[in-house]
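Encoded as structure tokens, the structure appears first; notes follow it.
Since we're looking at a predicted model, the values are computed, not measured.
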Amino acid sequence: MSVLADLLPFSVSERWITERPGDGDALALWACVRCVRRAPADGWTAARDAERACLRAAEVCPEDPTPWLALLGLMHSLAVPPRDAVPVWTEAVTRAPWHRGAYHRLLRYLSPRGHGSVADMMDFARQGAARAPHGSPLALLPVAARVELVAHRQRQTPLGADSHWNEPLAGAEIDSALTDWFHTAAAPHAEAVADLNILAFALVRAHRPSDTAPVFRRIGRRMTPHPWELLPEPERTFLYWRDRDRGRRGR
């Protein structure tokens with residue numbers, strides 16, 4: 001739904017909601033489009049309209065977390081304090097307890113680049129990973145939080161921004177992501193490529209080449225901008241580490 005909201009012409013969702021005003025899917029897409037592409041730029045009246053669209057979609061689709069996640073995105077764009085956003089996130093995860101996107105959205109919300117703090121973000125990430133079932137991609141949350149920390153520190157002081165990858169706790173968090181998610185038999189999820197790139201980035205920064213190789217094999221050509229954009233030469237770094245393992249196997 002997020003992909004559709006980002007890429008479809010606005011007229012498509014507008015026509016759908018006009019032709020089928022009571023359709024749950026049409027309402028959910030309309031809410032996402034209003035929150036992602038129109039409300040943040042169009043002022044408070046548009047924001048209120050987007051909020052009403054989310055609540056209407058939630059009313060028609062009471063079991064769907066999507067309207068609540070759209071509302072959470074709207075609140076993030078409007079810099080609503082986290083204490084007011086958490087209840088909206090709770091509505092989403094009540095409907096989908098281990099929804100990967102829901103956890104990552106709140107992680108960004110709680111990050112120092114969002115509207116929270118390092119402590120808020122790290123506590124949330126660790127608690128989410130600890131509670132998640134075995135095989136869940138939420139095992140990666142603390143690693144994703146450390147990537148957010150790199151981005152935050154780069155804004156403060158570029159030198160040594162990612163030195164925290166050498167901390168023992170960082171190594172334990174990476175180990176948990178590998179054991180509890182990557183090396184399990186869990187089926188690929190919709191955002192697996194994004195998670196694989198986060199894991200590969202962390203392994204590269206932590207200088208763990210033996211663990212990095214199988215992750216890059218699973219990624220293949222599917223490099224994502226985040227988090228490689230945090231490096232001076234993103235594509236060159238990605239290709240070096242991806243092809244490093246291929247060269248070794250070819251010898």
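Annotation for E235: atom CD does not count as buried by contact number, only 12 or fewer foreign heavy atoms lying within 6.0 Å. Residue E229 qualifies as enclosed at atom CD: its count of foreign heavy atoms under 6.0 Å is above 12.
Note: H104 NE2 to L138 CG = 6.5 Å, rounded to the nearest 0.5 Å. Atom CD1 of I174 and atom CG of L199 lie 7.5 Å apart (nearest 0.5 Å). Here the CD atom belonging to E14 is positioned 12.0 Å from the CG atom belonging to L29, to the nearest 0.5 angstrom. Summarising the geometry, atom CG belonging to L72 is positioned 10.0 Å from atom OG belonging to S77; distances are rounded to the nearest 0.5 Å. The line from OG1 of T18 to CH2 of W16 is 12.5 Å long, rounded to the nearest 0.5 Å. Between the NE2 atom in H152 and the CG atom in L149 there is a gap of 7.0 Å [rounded to 0.5 Å].
A donor-acceptor contact shorter than 3.5 Å is absent between the side chain of Y103 and the backbone of V93. The backbone N or O of P62 lies less than 3.5 Å from a partner atom in the side chain of R95, making a donor-acceptor pair. Not a single donor-acceptor pair under 3.5 Å links the side chain of H115 to the backbone N or O of L110. A donor-acceptor pair under 3.5 Å is formed between the side chain of N197 and the backbone N or O of T224. Checked by atom type and distance alone, the side chain of W89 pairs as donor or acceptor with a backbone atom of A102 at under 3.5 Å. Side-chain atoms of T179 never come within 3.5 Å of backbone atoms of S176 as a donor-acceptor pair (strictly under, hydrogens ignored).
Side-chain contact between L55 and W68: present, with at least one pair of heavy atoms (C-beta onward) separated by less than 4.5 Å. Looking at R56 and W30, their side chains never come closer than 4.5 Å, going by heavy atoms from C-beta outward. Q127 places none of its side-chain heavy atoms less than 4.5 Å from the side chain of L141. For the pair L71/L74, a side-chain contact is recorded, criterion being any heavy-atom separation below 4.5 Å from C-beta on. Using a 4.5 Å heavy-atom threshold, the side chains of P234 and M223 count as touching. Using a 4.5 Å cut-off on side-chain heavy atoms (C-beta onward), Y240 and E233 make no contact. Side-chain contact between H189 and W181 is present, with heavy atoms from C-beta onward closer than 4.5 Å. Side-chain atoms of L69 and H99, non-hydrogen and from C-beta on, do get closer than 4.5 Å to each other.
There is a path of hydrophobic side-chain contacts, each under 4.5 Å, that joins V60 to L4. Note: the hydrophobic cluster containing V12 also contains L27 (ILVMFWY, side chain heavy atoms under 4.5 Å, direct or indirect links). When hydrophobic clusters are built by joining Ile, Leu, Val, Met, Phe, Trp and Tyr residues whose side-chain heavy atoms come closer than 4.5 Å, directly or via intermediates, M1 is grouped together with I17. Both V143 and L231 sit in one connected hydrophobic cluster of ILVMFWY residues. Membership requires side-chain heavy atoms under 4.5 Å apart, directly or through other members. Connection of W44 to V80 is established within a shared hydrophobic cluster, with ILVMFWY side chains joined at heavy-atom distances below 4.5 Å, either directly or through further cluster members.
Counting all heavy atoms, side chain and backbone alike, P67 lies closest to C54 at CB-O, 3.4 Å. Contact between A5 and V33 at its shortest, heavy atoms only, is CA-CG2, 3.8 Å. Looking at every heavy atom in both residues, A139 comes nearest to D180 through CB-CB, 3.8 Å. Between P142 and M122 the shortest heavy-atom distance is O-CE, 4.2 Å. The two atoms that bring A132 and W98 nearest to each other are CA-CZ3, 3.7 Å, heavy atoms only. Taking all atoms of both residues into account, the shortest heavy-atom contact from A46 to R34 is O-NH2, 4.3 Å.
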Query raised in the report: I219 and F238: side chain to side chain contact (heavy atoms under 4.5 Å, CB included), yes or no, with the steps?
Result: CA-CA 11 Å; I219 292 172; F238 176 88; 3.8 Å; yes

Query - Derivation of the side chain to side chain contact (heavy atoms under 4.5 Å, CB included) call for F216 and R244 - result: CA-CA 10 Å; F216 273 100; R244 188 171 184 260; over 6 Å; no

Requested in this report: Check the pair V150 / H164 against side chain to side chain contact (heavy atoms under 4.5 Å, CB included), numbers first and verdict last.
Outcome: CA-CA 9 Å; V150 171; H164 62 87; 3.4 Å; yes

Query raised in the report: Does the side-chain hydrogen bond (donor to acceptor under 3.5 Å, both in side chains) test come out yes or no for S2 and R105, once each step is laid out?
Result: CA-CA 12 Å; S2 298; R105 287 194 187 202; 2.9 Å; yes

Requested in this report: Might you work through the side chain to side chain contact (heavy atoms under 4.5 Å, CB included) test for E173 and R126, ending with a clear yes or no?
Outcome: CA-CA 9 Å; E173 290 165 352; R126 288 166 184 156; 3.0 Å; yes

Query raised in the report: Given the rule in the salt bridge (Lys or Arg N to Asp or Glu O under 4.0 Å) test, do D175 and R208 qualify, once you have shown the distances and angles that lead to the verdict?
Result: CA-CA 11 Å; D175 287 340; R208 295 175 55 165; 2.6 Å; yes

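Below 30°, between 30° and 60°, or above 60°: for F201 and W165 the angle between ring planes is above 60°, a perpendicular geometry.
Using modelled atom types and a 3.5 Å distance limit, the side chains of R242 and T237 yield no donor-acceptor pair. With 3.5 Å as the limit, one finds no donor-acceptor pair spanning the side chains of R108 and H76. With hydrogens and angles left out, the side-chain atoms of N166 and H207 include no donor and acceptor closer than 3.5 Å.
Between R218 and D195 there is no salt bridge, since no side-chain N of the basic residue sits under 4.0 Å from a carboxylate O of the acidic one. Salt bridge R20/D25: absent, no basic N to carboxylate O contact under 4.0 Å. Using a cut-off of 4.0 Å between Lys/Arg side-chain N and Asp/Glu carboxylate O, E167 and R146 are scored as salt-bridged.
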